[in-house]
Amino acid sequence: MDRSEALFAKRREVYAAYLLALHGFVTRRDQVSRDRLDLANIEAVIFASDGILQRLFSIQEGLMMGSDFAYSSRSELVSLVAEMRRECFEATEFDEQKLLYLLAIGRDTPLEGTPEAHFEPE
């Protein structure tokens, strides 16, 4: 494995850990989840690209100001995940609206489905 392949592999790991930590923090907002998010941010500072770091900064700024992870934050999250996917897979054409639908960060997946929950592109 050459250096660039190793960096791609590490970035995938760091990005996944960040998203899991963010989900935990937004869901629970307790000491443990905050510590995990802080550690994920530290690791991202070392391995993430500048573009990803800028997006992480925007999300962190919202969290520091007490954001409840409203739609604007979720839109920023979708842009972040789309960029992470481009970095990890070199290219992605997956629809960002579908990413928003898939990401259960800042909203819960319902325990019981409803017809209103059907995906409708904007």
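Applying the side chain to side chain contact (heavy atoms under 4.5 Å, CB included) rule to Thr27 yields the partners His23; only residues at least two apart in sequence or on another chain are considered.
At a threshold of 4.5 Å between side-chain heavy atoms, the hydrophobic network of Ile, Leu, Val, Met, Phe, Trp and Tyr places Leu22 and Ile46 in one connected group. Hydrophobic clustering (ILVMFWY, side-chain heavy atoms < 4.5 Å, transitive): Phe94 and Val81 are in one cluster. Clustering ILVMFWY residues whenever any of their side-chain heavy atoms sit less than 4.5 angstrom apart, transitively, puts Leu20 in a cluster other than the one holding Val14. Linking ILVMFWY residues whenever their side-chain heavy atoms come closer than 4.5 Å, directly or via other members, leaves Ile42 and Phe47 in distinct clusters. Grouping the Ile, Leu, Val, Met, Phe, Trp and Tyr side chains by contacts below 4.5 angstrom, directly or via other members, places Ile59 with Leu102.
Two residues are said to be in side-chain contact when any heavy atoms from C-beta on lie closer than 4.5 Å; Met84 and Leu19 meet this criterion. By the 4.5 Å heavy-atom criterion applied to side chains, Ser4 and Leu7 are not counted as neighbours.
Distance check: Glu96 CD to Leu103 CG gives 10.5 Å after rounding to the nearest 0.5 Å. In this structure, NZ on Lys10 lies 12.5 Å from SG on Cys88, to the nearest 0.5 angstrom. Distance check, rounded to the nearest 0.5 Å: CZ of Phe8 to CD of Glu13 gives 15.5 Å. Summarising the geometry, atom CG belonging to Leu37 is positioned 5.5 Å from atom OH belonging to Tyr18; distances are rounded to the nearest 0.5 Å. To the nearest 0.5 Å, the span separating OH on Tyr15 from CD1 on Ile52 amounts to 4.5 Å. Remark: Leu56 CG to Ser49 OG distance equals 8.5 Å, nearest 0.5 Å.
Atom CG of Asp50 has 12 or fewer heavy atoms from other residues, nucleotides or ligands within 6.0 Å. When the shell of 6.0 Å around CZ of Arg36 is examined, it contains 12 or fewer heavy atoms from other residues, nucleotides or ligands.
Of all non-hydrogen atoms in Leu53 and Ala44, the two that sit nearest each other are CD2-O, 3.6 Å. Closest non-hydrogen pair, Ala40 versus Ala17, comes out as CB-O, 4.2 Å.
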